[in-house]
Amino acid sequence: MEDDFLKLALGLIKSSEDHERYRGEECINLIASEGLKSPAVNEILSLSQDLESRYAEGENDLAGHVKARHYQGQKYITKIENYAADLMKNLFGCNWADVRLVSGTHANLATFKGVSLATKNNRMVVLPLSAGAHISHDYSGLAGRVLGLETINHAYDIDELNIDSEKSATIIDTARPGIVTFGGSVFPFPHPVKELAEVAKETGAYVVYDAAHVLGLIAGGEFQDPFGEGVDFITASTHKTFPGPQGGVILANCEDERMKKAIKKVQHAVFPLSASSTHLGRLPALGLAALELKLYGKELAKQTIKNAQTAGKYLFENGVKVLGRKNGFTRSHQIAVDVRDYGGGQKLAFSLEDAHIVLNKNLLPYDNQHNHGDPSGLRIGFQDVTRRGFKENDIERLCSLILDVMKGKRTRAEVRKDVIKLRQSFKDIKYGFQSINEAKEHLRKYV
Ligand SMILES: Cc1ncc(COP(=O)(O)O)c(C=O)c1O
């Protein structure tokens, strides 16, 4: 074998080991779109190696269960997919789920495609990118460039950091879209679904709620109740505030002919239109994460939100422009901060990274939506540190380290030492099981 090839392989193995230590042990992770799996969820993922190699193409029924498979060897795979779907249905109080999606973007693709086939209408109302839409909602991403949807923006109220429901009602009524979406990547406050779902449905639209960021908070009953407020479909990633394996899910209630028609089209958009391998190895881990949220989701969501609010208040009291002050900065896992006074989002995100505080730059609602390169803001998420056991005083300590970097009070090398020390004083992962056996023992007490 050539030397170069050997070096590549060695480099790959070493970089993987380095990464696990760096992000897993030496950094404080505040990226709002990432999740933290429990030891039990990691264990069941590592036990699902055969499943990880298999295929299960086919069709599902209107309960979200396997109906037909086109390969052999499916006797347990079918059960696993049905159990995972049923655990998700139970957790979110709905009667249909599709767990075949490999990501949140895939969930959006299948839902937007399926619903637009059902309505024969290619107009979709979405948040503006700068106000927190995900790129998959936008004309410049999946929705426009791949699916050919015409996107029309919701009206956004910068002071409220939320959709302006009165103005959006007029926009929806005038545009008569096939889909009205809610949810996004910057998502500090519950969207006015209650106020707008009826308006959307009266125009013939389906209401799609992208819960990628807030799925775990919804499971804990601490954000908003999308189905109760009139949503038709929830799409999501399963690895952000929902602390499961990387993947996606679509949820709905199959309750009348209107929903049956759309669900059938969405299923068709999953298979055969957009999936072949559905990455089966993640399904046991998805179900186990659902169990953890059923048991500990409320407590986890409450503490996550409390931590985010504590950070908003602390940074604000120390002179930082935290958005959403009027409404207590946030009611989710994340805050948005204007850092133009400290060199802008790009520069500050790099400085903090150098101190091992990992977060990301972000467009703010008043930014030019094309200025991705150097936006005004940072988005900071608290779901990872909360799962590691951070409480309000730990969050204040962490914020004081952020401020040290922001305000250049100490060198980044000095701050880095304290960040590593703080990180290493939180060894455990809370609000979940430490092993599969622990989960089984817990379940056996009841079954
Ligand atoms: C609102 C929203 N939707 C969808 C996605 C895409 O999810 P995934 O990364 O699982 O494809 C994201 C990603 O962060 C997101 O923020």
Side-chain angles (χ1 to χ4, degrees), residues 18-36 186 188 240-241 300 303-325 328-330 332-362 364 374-431:
D18 287 348
H19 170 85
E20 294 298 315
R21 194 186 56 252
Y22 167 58
R23 290 293 301 277
E25 294 169 23
E26 296 174 352
C27 285
I28 293 191
N29 297 305
L30 300 172
I31 299 218
S33 58
E34 294 175 349
L36 184 64
V186 177
K240 302 187 195 300
T241 55
L300 173 60
Q303 189 62 47
T304 303
I305 296 166
K306 215 188 279 178
N307 283 348
Q309 288 170 338
T310 301
K313 184 161 174 284
Y314 189 87
L315 292 172
F316 181 79
E317 284 169 356
N318 282 280
V320 180
K321 288 181 191 147
V322 185
L323 275 61
R325 182 190 174 198
F329 306 108
T330 185
S332 77
H333 61 301
Q334 47 161 274
I335 56 172
V337 179
D338 185 326
V339 291
R340 280 175 295 180
D341 293 345
Y342 305 99
Q346 160 97 340
K347 182 161 170 274
L348 192 55
F350 275 112
S351 302
L352 288 163
E353 180 185 39
D354 197 24
H356 283 205
I357 296 171
V358 181
L359 41 65
N360 62 281
K361 64 177 188 260
N362 222 95
L364 297 180
D374 189 16
S376 304
L378 296 177
R379 185 186 63 173
I380 316 180
F382 296 88
Q383 69 291 351
D384 182 307
V385 287
T386 304
R387 223 177 180 212
R388 291 189 194 277
F390 278 53
K391 294 277 166 53
E392 292 90 311
N393 53 340
D394 311 305
I395 293 291
E396 290 184 355
R397 171 81 191 111
L398 170 60
C399 287
S400 76
L401 295 171
I402 293 177
L403 287 166
D404 285 348
V405 175
M406 260 185 182
K407 299 186 175 177
K409 286 189 195 161
R410 294 196 296 150
T411 67
R412 302 201 290 254
E414 283 168 342
V415 177
R416 189 189 311 135
K417 274 193 207 145
D418 287 349
V419 169
I420 295 174
K421 209 156 106 201
L422 180 62
R423 163 66 193 88
Q424 293 185 344
S425 61
F426 288 87
K427 299 261 186 240
D428 300 333
I429 295 174
K430 315 275 190 202
Y431 312 97

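In this chain, residues are counted from 1 in sequence order.
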- Message: Show, in sequence, the C-alpha distance, side-chain angles and deciding distance for Arg388 and Asn29, and conclude whether the side chain to side chain contact (heavy atoms under 4.5 Å, CB included) test is met.
- Response: CA-CA 10 Å; Arg388 291 189 194 277; Asn29 297 305; 4.1 Å; yes
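- Considering all non-hydrogen atoms of both residues, Arg340 and Ser376 come closest at CD-OG, 3.4 Å.
- Looking only at side-chain heavy atoms (C-beta outward), Leu352 and Leu378 come within less than 4.5 Å of each other.
- Between Leu315 and Phe329, the closest side-chain pair of non-hydrogen atoms is not below 4.5 Å.
- By the 4.5 Å heavy-atom criterion applied to side chains, Val385 and Asp394 are not counted as neighbours.
- For the residue pair Gln303 and Glu392, a side-chain donor N or O sits within less than 3.5 Å of a side-chain acceptor on the partner.
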- Task: I would like to know whether Val339 and Lys347 meet side chain to side chain contact (heavy atoms under 4.5 Å, CB included); could you show each step before the answer?
- Result: CA-CA 10 Å; Val339 291; Lys347 182 161 170 274; over 6 Å; no
- Which is it for Arg423 and Ile420 under the side chain to side chain contact (heavy atoms under 4.5 Å, CB included) test, yes or no, and what are the steps along the way? CA-CA 5 Å; Arg423 163 66 193 88; Ile420 295 174; 5.6 Å; no
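- Side-chain contact between Leu30 and Phe382 is present, with at least one heavy-atom pair separated by less than 4.5 Å.
- Shown here is Phe350, whose CZ atom has no more than 12 heavy atoms of other residues, nucleotides or ligands within 6.0 Å.
- Side-chain N or O atoms of Asp428 include none that pairs as donor or acceptor with a backbone N or O of Gly389 at under 3.5 Å.
- Nearest approach of Val186 to Gln334, heavy atoms of both residues: CA-OE1, 3.3 Å.
- Atom NZ of Lys417 has 12 or fewer neighbouring heavy atoms from other residues, nucleotides or ligands inside a 6.0 Å radius.
- Counting heavy atoms from C-beta on, the side chains of Ser351 and Asp354 never come closer than 4.5 Å.
- His356 and Glu26 get closest at one heavy-atom pair: ND1-O, 2.9 Å.
- Looking only at side-chain heavy atoms (C-beta outward), Arg410 and Leu401 come within less than 4.5 Å of each other.
- When side chains are defined from C-beta on, Asp341 counts as touching Lys321, because their heavy atoms get closer than 4.5 Å.
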